[in-house]
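Written out below as C-alpha cells is the structure these notes cover.
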Amino acid sequence: MTDTERPARILLVEDNETDAGLIARVLRREGLDVELLVAASEAMVRASLAAFAPDVILVDLTIPGFSGAAAVALARAWDPSVPCILVSLRIGATDYVPKQHLEALAPATRRALAEGTERRARVQAEAELQSSRSLLSALMDNVPDHVYFKDADSRFTLISRSMARSFGLEDPSEALGRTDTDFFPQDQAGLALTDERNVMASGTPLVDRAERETWPDGRETWASTTKMRYTDAEGRLLGTFGVSRDITRRVEAEAALRESEELYRAVTDALGEGILLHGLDRGIYACNKAAEAILGVTAAELIGPPRVDSDWRAIHEDGLPFAAPDQPAMVALDTGEPQLGVVLGVFGPTGDLTWLVVNSRPLIRRGETAPYAVVTSFADVTALREAQASLERGRAMRLALAAVDRRLLRLTRPADVAREVCRVIVETGQLAMAWVGLANPVTQQLEPIGSYGDTGYLGDVIVTADDSPLGRGPAGEAVRSGFPIVVDDIETGASMVPWREAAARYGYRSVAAFPVRHGEATRGVFVTYGARPGAFEPETVSVLSQLATDVALALTTIDEAAQRRAFEGVLAESERRFREVLVEVRLAAVIVDEAGAILFANRFLLDLTGWEAAEVLGRSWFEKFDPAADRTDALDGYFGLPAGSGAAPQRSPLVTRDGTVREIEWSSAPVRDEDGVVVGRASLGYDVTERAAAEAEIRRLNVELEQRVLERTAKLEAANRELETFSYSVSHDLRSPLRAITGFAEILDRRYREQLDAKGRHYLDNIVEGGRHMGVLIEELLEYSRLGRSQVHAEPVELGPILDRLRITLADRIAAGGGTLAVAAPLAVPAGDPVLVEQVLANLLDNAFVYRRPDVAPLVTVSAVRRGARVVVAVADNGLGIAPEFQARIFEPFVRLHTADEYPGTGIGLATVRKAARLMGSEVTLASVEGTGSTFSLDLPAAPAPGARR
Ligand code: ADP
C-alpha cells in the first residue's frame with residue numbers, strides 16, 4: 001500500500017546519467033512527488049529491489065550488457081505486482097531530447113503507480129482475509145469456551161471444537177444443520193430458541209446470563225452465555241452468534257463460599273460469647289447475636305467506623321477508666337499480640353454496668369507481620385462476678401461468726417450477747433447498723449437490748465411486735481411469721497413507710513430482720529441495716545439467719561441457767577405433784593424416752609387400751625400402740641410439739657389390745673434430767689375418736705353439697721342458654737308482624753289521616769309511636785342475645801379509632817344538648833374483643849349524653865388508665881347520676897329509672913354492656929352521685945407491650 005504522505009519510490013534502470021537526470025526532471029516538472037534511485041547495472045538492480053522496494057520500475061531498454069527484458073524479469077521475480085515501464089529515449093550521446101516522447105512518461109508513471117497501489121491493496125486484503133480465516137479456525141479449534149454460529153432458523157452453521165466435544169461429536173462439521181434439540185433436553189433447547197428469536201428480533205444482545213446446562217452425556221454444568229445476532233456487510237440478518245463459558249467451578253465455589261459464610265454466621269450466632277471484628281481503622285466490621293445481646297445494642301448501632309463521641313465508658317476491675325487505646329482489641333491491633341482474659345466493665349448507653357472477660361486475637365496474613373484485623377470474643381460475667389462477690393462476703397462473715405460463736409456461749413448477760421453479735425456483723429458485713437430487740441409482753445414494743453453502729457435511729461423510732469401499723473414493718477413481721485424479712489430498698493418498700501424518713505436521715509437503704517427463736521418460740525428480733533439498696537443477698541441472709549439462731553441459743557442458755565438456779569429447790573416438789581396428776585388425770589398420759597420406749601403410762605391409757613403396766617413399760621410405743629406407724633417418724637410428728645409452742649395438738653391413731661383404733665389428740669412437754677438435757681417427753685392425749693367421726697361426716701356432707709351446687713349451676717346455665725335462644729328467636733320472629741303493623745299504620749296515616757277526627761289521629765299516632773318503640777326494643781333484644789354467639793377474641797384494642805367512629809355515630813346526640821365528648825389522653829391499650837369493647841362504649845356514651853341534667857350541658861370524658869396488669873376504661877358524665885339503691889339493678893334487662901316520655905330508651909343497653917363485659921371475663925362497675933354524674937368503668941387486662949426487647 002502506498003502511503004500518500006511519502007514520495008513514490010521509482011527505480012530507474014539507466015546507465016546514462018544525463019538521461020537519468022532528464023527523466024527525473026521531467027517527472028518532477030509534471031508534479032510527481034518521487035524519490036528516484038538510479039541503477040546502472042544488473043547487480044545494482046538486484047541490490048536495490050530489496051533495499052529500496054520501488055513502487056514503479058522504469059527500465060531503459062538500451063543498457064549495454066544488460067537487457068531491459070532481463071531487468072523486467074528480475075523485477076517480476078521479486079514482486080510481480082510492481083509495475084514496470086520500458087523507456088526508450090533513443091537519445092544516444094546527444095543532449096537533445098525529443099520532447100514528445102518524454103511527455104508520455106509522467107502520465108504512464110502516474111497510472112502505473114495507481115495500479116500498483118491498487119494491486120497491492122488487493123493482495124493485502126486477501127492476505128488479511130486469509131489470516132482472519134485461519135485466526136477464526138484457530139480460535140474455533142482452541143478456545144475452551146463454546147462458540148457457535150447459527151442461521152436465522154437456529155441451525156448450527158459453525159461450532160467450536162470444544163463444543164463439538166461436549167456434544168460428543170468427532171468433528172465440529174457434524175453439527176452443521178442440526179439444532180439444540182438434537183443435543184439438549186427439550187426445555188433447555190426451547191429456552192435457547194426463544195432467546196435467539198428475541199435477540200434476532202430486537203437486536204439487543206443477551207449478555208453473560210448464568211444458565212444450567214445438561215449435556216448429551218448427562219453432565220450438568222453452569223454456563224455464562226452471551227448471544228448476539230450477526231449480519232453481513234450490508235446489514236442483512238444471517239443468524240446468531242454465541243459464546244458460552246463454563247462457570248460451574250465458579251458457581252460451585254460461590255455456593256461453597258456462601259454456605260461456609262452461612263455456617264460461620266450460624267456458628268457465631270449460636271455462641272453465647274459475643275464476637276466483634278475490628279478493622280485496621282479501629283471500626284467494627286462484624287458482630288454476632290450474642291454481642292448485640294450482651295452489649296444491649298443492635299448490630300446496626302455497633303458496626304461502623306470508630307466513634308469519638310462514643311456513649312461507651314469502660315472501666316478496669318478497680319473502677320479506674322479503661323482508656324480506649326489500652327483496650328484489648330486496640331492493643332492487639334497495635335502490637336499484633338493476642339490479649340487474653342482481660343476483665344473490663346462497660347457502661348452501656350443506658351448506664352448499666354456490664355462486666356466482660358475479653359479475648360482479642362489479631363488476624364495476620366501469611367507472610368505478613370502486622371495484623372489486618374482483630375477478632376474479639378467476650379463473655380458477660382456480671383452475674384458471675386456478683387455471685388462471687390456475694391459468696392466472698394458470705395465467707396468472710398461466716399469466718400468472723402465462727403470466731404464469735406464460742407465467745408457468745410461464755411457471755412452471761414443478754415445485752416453483751418446482743419452487742420457482740422451486732423458488732424461482728426456490722427464490721428464484717430459492711431453494714432450500717434444492727435440491733436437485737438425483745439418483745440415487751442405488756443406494750444408489745446420491740447425493745448433493743450443491744451446494738452452496734454450509729455444507734456441514734458433507735459432513739460427516734462418505735463417498733464412493735466403486734467399486728468398494728470408500727471408492727472407491720474420487717475421487724476414485727478419477722479417476729480410474727482418466724483421468717484427473715486428483707487426490704488431491698490427502703491425508699492420503695494411499702495412496709496417501711498412509717499420509718500422511711502428516719503432511715504433516710506441515717507443513710508439506711510435496705511433492711512433485713514430475723515426472728516430470734518429457740519425451738520418454736522420467737523423471743524425477739526435481730527435487725528440489720530445496709531447503706532445500699534439490695535445489701536442483703538441470699539448468702540448474707542443465710543449467714544444472718546444462722547446468727548439469729550445463735551443469738552437465740554445463747555439467750556436461751558443464759559435464761560435456762562438462771563432459771564435452773566432459781567428453781568432448783570422447787571423442782572423436786574413440783575415433779576412429785578406432776579406425777580400424781582399424771583396418774584390421776586382422766587386423759588391418756590405417757591412418758592417416752594427419746595427413742596420412743598415407754599417410761600410411764602397412766603391408768604386411763606391402760607384402761608383404754610386393755611394392757612397392763614408391766615406389759616408396756618420399757619417397750620416401744622410404736623410396737624405396742626401403733627404397729628402401722630413409721631417408726632422412723634420423729635416423736636414430734638407423733639405426739640406433737642411442746643405445749644405452749646403455739647402449735648396445734650397432734651392427732652395420732654392408738655391401737656387397743658383388741659385391735660380397735662381410737663384417735664387421740666396429743667400435746668407434749670419435754671422431760672429433762674438434772675442437767676437440763678432433754679431425755680424424753682411427757683404427752684397428754686384426749687380421746688377424740690367420736691369427734692373425728694363427726695368431723696368426717698361433716699366433710700362428707702360438704703362435698704355432697706358442693707356437688708349438688710355444681711349440678712344445679714350446670715342446670716341453671718343450660719336453662720339460661722335455652723332462654724337466650726328462645727328470646728333470640730322470639731324477637732327475631734316478632735320483627736315481621738311488627739313490620740306489618742307499623743307499615744300499615746304508616747299507610748293509614750299517609751292516606752286516611754284527613755278522614756279521621758282528632759281522637760282517631762291521636763290513636764293512630766300512638767300506634768305509630770308504639771310500633772317504633774317496639775322496633776327499637778326488638779333490635780336491642782336481638783343484639784343482646786346475639787352477644788357472645790360469635791367467638792370472643794382477645795387482642796390489643798386501640799380505643800382511639802373506636803372513639804372516632806362513635807363520635808360520628810353519636811354526633812346528633814352530642815350536638816342535641818350542646819354536649820362535649822372529651823378523651824383523656826393517653827389512652828392505655830387493653831386486651832379484649834374489639835367488637836364487644838365498641839358495643840360497651842357505644843351504649844355507655846349513648847346513656848351518658850341521654851341522661852343529662854336539663855340545665856347542664858353534658859360533658860362526657862372517656863379515659864383508659866393502666867393499673868398494674870389491668871387497664872380501666874371509664875366513661876364519666878356530669879348528668880343525672882343514679883341513686884345508690886338503684887345502682888345494682890340498672891344492669892338488669894328492662895330496668896329503667898325513667899319513663900319513655902322523659903327519656904327515650906328500652907332498658908336493655910346496660911344489660912348488653914354487662915353481658916359484653918362478662919364475655920370478656922370482666923365486670924362493669926358504677927360510681928355515681930345523684931345529681932352530680934356517673935362513672936361507668938370496664939376493667940380489662942392490659943395488652944402486652946408491643947416489641948418488648950430482650
Ligand atoms: P335505656 O337507656 O335504654 O333505658 P339502659 O339499660 O341503658 O337502658 O339504662 C337503664 C337505666 O339506667 C336507664 O333507664 C337510666 O335510668 C339509667 N342510666 C343509665 N345510664 C345512666 C347515666 N349515665 N346517668 C344516669 N342514669 C343512667
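Read the numbers this way: they start at 1 and go in the same order the structure lists the ligands and their atoms. Numbers here are sequence positions counted from 1. The analysis underlying the following values was restricted to heavy atoms, covering all of them including side chains, and did not include hydrogens, waters or symmetry mates.
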- Do you know which two heavy atoms are closest between Ala848 and Val875, and how far apart they sit? CB-CG1, 4.3 Å
- Item | Smallest separation among heavy atoms of Val463 and Gly476, with atom names | CG1-N, 4.4 Å
Which atoms of ligand 1 are found less than 4.0 Å from any heavy atom of [X]?
X	value
Thr906	1 (P), 3 (O), 4 (O)
Ser934	24 (N)
Leu910	5 (P), 6 (O), 7 (O), 9 (O), 10 (C), 12 (O), 19 (C)
Ile908	6 (O), 8 (O)
Phe936	20 (N), 23 (N)

- Query: Out of Asp804, Val871, Leu841, which one pairs with Leu799 under the side chain to side chain contact (heavy atoms under 4.5 Å, CB included) rule?
  - Reply: Leu841
- At a non-hydrogen distance cut-off of under 4.0 Å, which region of Val895 contacts ligand 1 (side chain, backbone, both, or neither)? backbone
- Message: Any heavy atom of Ile882 closer to ligand 1 than 4.0 angstrom?
- Response: yes
- Note on the structure: Closest to atom 20 (N) of ligand 1 by heavy-atom distance, out of Leu880, Val913, Asn847, is Asn847
- Identify which of Tyr851, Phe886, Phe891 has a heavy atom lying nearest to atom 14 (O) of ligand 1. Tyr851
Only distances under 3.5 Å count here; give the side-chain donor-acceptor pairs of residues 743-751 to other protein atoms, sequence neighbours excluded, each with its distance to 0.1 Å.
from   : atom 1 : to     : atom 2 : distance (Å)
Asp749 : OD1    : Arg753 : NH1    : 2.4

- Query: Under 6.0 Å from the six-membered ring centre of Phe347 and within 45° of its axis: does the NZ or CZ of Arg313 meet both?
  - Reply: yes
- Message: Please check this pair: side chain of Ser928 against backbone of Gly933, looking for a donor-acceptor N/O pair closer than 3.5 Å.
- Response: yes
